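Computed from a predicted structure; not experimentally measured. Throughout, protein chains are lettered first and strands after them, A, B, ... in sequence-line order, and every chain is numbered starting at 1.
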Number of protein chains: 2
Amino acid sequence: MAKNAQQLLYARQAQIAKAIAHPVRIAVLDFLQSGEQCVCDIAEAVGSERSNVSRHLSVMVAAGVLSCRKDGLKVMYTIKTPCILQFFGCITKVIKSQARENEQLLQAM
Amino acid sequence: MAKNAQQLLYARQAQIAKAIAHPVRIAVLDFLQSGEQCVCDIAEAVGSERSNVSRHLSVMVAAGVLSCRKDGLKVMYTIKTPCILQFFGCITKVIKSQARENEQLLQAM
DNA sequence: TGCTTATGTGACAATATACTCATATAGTAA
DNA sequence: TTACTATATGAGTATATTGTCACATAAGCA
């Protein structure tokens, strides 16, 4: 791949990773596993202001992680690329392995 | 899971996602697929200052994505949880699907 | 029409992140 | 010891991100 194209790909990959890299946005993705939801229900589920959630949602739509459709007054959001969820399986492994390390550390004290 | 524990998990997952969510750090991970490397070689490969790369590396170590060991003067960094790499497969899918959308858009103009 | 609800957005302040430079530290070798 | 190399880090500036408030927009209904 050309050097510039590679840089561009890294930037695009980073954009997607950034779109996920926030506790509220992860909570949103977790909630959306149950299927498409409107902003008001998402805001309630994650315990944050609607306007704030709306911004987080548009970041994720811009990155291509979510898609949305209008349904009357509501806008329904859904996970566009379910393989994103595999990522959480992976980082849960990272967290577990760190937790085990800490446990060993504690026992050695 | 308790509500607080859930919040903690989301925060921890976000920390790991953040540790990946930067073009330079993605370039580093890409380079480290070839095996462990020292800071100077990583800096050269990704085309960035050593001090800057050193900071990026410590962020990824703190998040549990990389591990490192001293080898004489050098510090060798390596990917600690290879499943992280699957994530790139996933987001490449996202990028391809968006590229296809844009192509269709272009053809409709 | 006016009223209500759901969502999006401009503007701002607060905070976090990234990069650079200079300097510190640690290891190697003469 | 001194000189050299690799890495890490403090301090500063620049930039990006986040959350909140107020307001705008859009859709439904009386």
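Relative to the axis of its first five pairs, the axis of the last five pairs of the helix from C/dT1-D/dA30 to C/dA30-D/dT1 sits at 20°, rounded to 10 degrees.
Within the 3.5 Å criterion, the main-chain N or O of B/Ala19 finds a donor-acceptor partner in the side chain of B/Arg25.
Judged by atom type and distance alone, A/Arg55 does not reach the base of D/dT17 through any side-chain donor-acceptor pair under 3.5 Å. In this model, no side-chain donor or acceptor of B/Arg50 finds a partner on the base of D/dT5 within 3.5 Å.
Nearer to the 5' terminus of DNA chain D, by closest-nucleotide assignment, is the contact made by B/Ser54 (compared with the other of A/His22 and B/Ser54). In this structure, B/Ser48 and B/Gly72 both approach DNA chain C, and ranking their closest nucleotides by distance from the 5' end singles out B/Ser48. The residue among A/Asp71 and B/Ser58 whose nearest nucleotide of DNA chain D lies closer to the 5′ end is B/Ser58.
When distances run from any side-chain atom of A/Leu73 to the nucleotides C/dT9, D/dA6, C/dT5, the shortest one goes to C/dT5. For A/Lys70, counting side-chain heavy atoms from C-beta on, the closest listed nucleotide (D/dT20, C/dA6, D/dA26) is D/dA26. The side chain of A/Ser51 lies closest to C/dT9, out of C/dT7, D/dT7, C/dT9.
By the neighbour-count criterion of 12 heavy atoms within 6.0 Å, atom NZ of A/Lys80 is densely surrounded, having more than that number from other residues, nucleotides or ligands. Atom CD of A/Gln6 is surrounded by more than 12 heavy atoms from other residues, nucleotides or ligands within 6.0 Å. No more than 12 heavy atoms of other residues, nucleotides or ligands sit less than 6.0 Å from atom CG of A/Asn4.
Look at CE on A/Met60: it is 12 Å from P on C/dG8, rounded to the nearest Å. A straight line from NZ of A/Lys18 to P of C/dA18 spans 8 Å, rounded to a whole angstrom. With rounding to whole Å, A/Glu44 atom CD is found 11 Å from C/dA6 atom P. Between the P atom of D/dA8 and the CG atom of B/Leu66 lies a distance of 12 Å, rounded to the nearest Å. Rounded to whole Å, atom P of D/dA6 lies 15 Å from atom OH of B/Tyr77. One interatomic measurement links the two molecules: CG of A/Leu57 to C1' of D/dT18, which rounds to 15 Å at whole-angstrom precision. As rounded to whole Å, 14 Å separates atom C1' of C/dA14 from atom CG of A/Asn52. Taking atom NE2 on A/His56 and atom P on C/dT7, their separation rounds to 16 Å, with Å as the unit.
Put simply, A/Val61 and A/Ile16 are part of the same group of oily side chains (I, L, V, M, F, W, Y) that touch within less than 4.5 Å, one to the next. Connection of B/Leu85 to A/Ile84 is established within a shared hydrophobic cluster, with ILVMFWY side chains joined at heavy-atom distances below 4.5 Å, either directly or through further cluster members. The hydrophobic cluster containing A/Val59 does not contain A/Phe87, counting ILVMFWY residues as joined when their side-chain heavy atoms lie under 4.5 angstrom apart, directly or transitively.
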